**Q** 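Pasting a structure below so you can have a look.
We name chains A, B, ... by the order of the sequence lines, and we start the count at 1 in each one. For the numbers below, each heavy atom of this structure counts, side chains included, while hydrogens, waters and symmetry mates do not. The model shown is predicted, which means the values in this text are computed figures rather than measured ones.
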Amino acid sequence: SAVISQKPSRDICQRGTSLTIQCQVDSQVTMMFWYRQQPGQSLTLIATANQGSEATYESGFVIDKFPISRPNLTFSTLTVSNMSPEDSSIYLCSATDSQETQYFGPGTRLLVL
Amino acid sequence: GEDVEQSLFLSVREGDSSVINCTYTDSSSTYLYWYKQEPGAGLQLLTYIFSNMDMKQDQRLTVLLNKKDKHLSLRIADTQTGDSAIYFCAETPNQAGTALIFGKGTTLSVSS
């Protein structure tokens, strides 16, 4: 199994600012993903973080708003740019291990005022 | 497109069995997962089943898959108050290792 950590675990931000969330996996993984879970909702995929190339975004999510980096096989960042209160959510990083099962980080709880 | 449906709420008494149901639309799904989310916490992988299996048992958890009806269930035996959480069903369309499609989650409430 893969153990995933995220930083920060939570934050309160002012509108118009940006926050970068870090995701660290304890082993090399093939796939890494970023999801958003809005209050009381299920998880929605934001993008697939590709190692060494641009992320692949889902419909409704764009690189300018959610830039993603993945410089190596164990680390990725998601930036939430120019935040508004509608961006208040839990942001979760996930990774697929060699057994092709998908594990999740503990999430980053973001509140935008 | 792909869709995963779950009932929203389930209430059981401590010691009873809980059965959480899920239906999905993508017949090419390879892996189907159950995740647990406790209040204020992230997602914990409970169990998963490969699409060529009918059943998988892991301690108090039993997963049943009816591929013909595209129906997945999670049975929790001897349900405890600590099992109170939201349970998400998820599938990987097309191939394993790809992003998951989640249901809306079933809130399980266990009363003593």
Side-chain angles (χ1 to χ4, degrees), chain A residues 1-10 21 23 25 28-51 55-61 68 73 76 89-111, chain B residues 1-9 20 22-26 28-53 56 58 61 63 85-109:
Chain A
S1 66
V3 177
I4 303 173
S5 59
Q6 286 184 232
K7 287 196 294 190
S9 59
R10 60 181 67 238
I21 302 167
C23 176
V25 190
Q28 293 189 348
V29 291
T30 49
M31 308 292 287
M32 292 183 75
F33 306 95
W34 286 98
Y35 292 81
R36 180 174 74 182
Q37 185 180 24
Q38 293 179 298
Q41 302 295 314
S42 187
L43 280 77
T44 301
L45 179 67
I46 297 172
T48 302
N50 300 309
Q51 193 259 328
T56 306
Y57 289 84
E58 297 300 301
S59 175
F61 298 96
I68 287 170
L73 291 174
S76 178
S89 287
I90 302 172
Y91 292 86
L92 296 113
C93 169
S94 74
T96 305
D97 70 1
S98 59
Q99 303 299 315
E100 297 181 327
T101 52
Q102 195 162 135
Y103 296 90
F104 283 80
T108 296
R109 283 155 181 77
L110 172 63
L111 176 62
Chain B
E2 302 91 359
D3 198 16
V4 178
E5 298 284 341
Q6 298 178 241
S7 54
L8 294 182
F9 298 101
I20 302 171
C22 170
T23 58
Y24 59 97
T25 57
D26 188 350
S28 65
S29 294
T30 50
Y31 286 86
L32 295 126
Y33 300 82
W34 285 103
Y35 288 88
K36 177 183 180 182
Q37 186 177 39
E38 296 183 55
L43 266 71
Q44 174 194 353
L45 176 63
L46 283 180
T47 188
Y48 63 94
I49 188 167
F50 189 54
S51 59
N52 68 354
M53 298 168 65
K56 181 177 180 181
D58 183 2
L61 305 178
V63 178
I86 302 175
Y87 291 80
F88 290 96
C89 169
E91 62 162 352
T92 53
N94 303 320
Q95 63 184 56
T98 58
L100 299 177
I101 296 173
F102 283 83
K104 292 190 187 307
T106 299
T107 298
L108 174 64
S109 175

**Q** Between L100(B) and Y35(A), does the side chain to side chain contact (heavy atoms under 4.5 Å, CB included) criterion hold? Intermediate values first, please.
**A** CA-CA 10 Å; L100(B) 299 177; Y35(A) 292 81; 3.6 Å; yes
**Q** Considering only heavy atoms, which portion of L43(A) lies under 4.5 Å from any heavy atom of chain B: side chain, backbone, both, or neither?
**A** both
**Q** Which atoms form the tightest heavy-atom contact between G42(B) and L92(A), and what is the distance?
**A** CA-CD2, 4.3 Å
**Q** For Q44(B) and Y103(A), what are the C-alpha separation, side-chain angles and deciding distance, and is it a side chain to side chain contact (heavy atoms under 4.5 Å, CB included)?
**A** CA-CA 8 Å; Q44(B) 174 194 353; Y103(A) 296 90; over 6 Å; no
**Q** Relative to chain B, which segment of Q6(A) carries a heavy atom at a distance below 4.5 Å: side chain, backbone, both, or neither?
**A** neither
**Q** Looking at K104(B), I want to see if its NZ is surrounded by more than 12 non-hydrogen atoms of other residues, nucleotides or ligands under 6.0 Å.
**A** no
**Q** Go through the atoms of L43(B) and report whether side chain, backbone, both or neither lie under 4.5 Å from a heavy atom of chain A.
**A** both
**Q** Measure the OG-OH distance between S42(A) and Y35(B) for me, rounded to the nearest 0.5 Å.
**A**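 Rounded to the nearest 0.5 Å, the OG-OH separation comes out at 11.5 Å.
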**Q** What heavy-atom pair brings Q102(A) and Y33(B) nearest, and what distance separates the two atoms?
**A** N-CE2, 4.0 Å
**Q** Supply the atom-to-atom distance T96(A) OG1 to Y31(B) OH, rounded to the nearest 0.5 angstrom.
**A**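 Separation between the atoms: 10.5 Å.
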**Q** Can we call the ring centroids of F104(A) and F102(B) under 6.0 Å apart?
**A**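 Close enough - the centres of the two rings lie under 6.0 Å apart.
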**Q** Against chain B, label R10(A) side chain, backbone, both or neither, depending on which of its atoms sit under 4.5 Å from a heavy atom there.
**A** neither
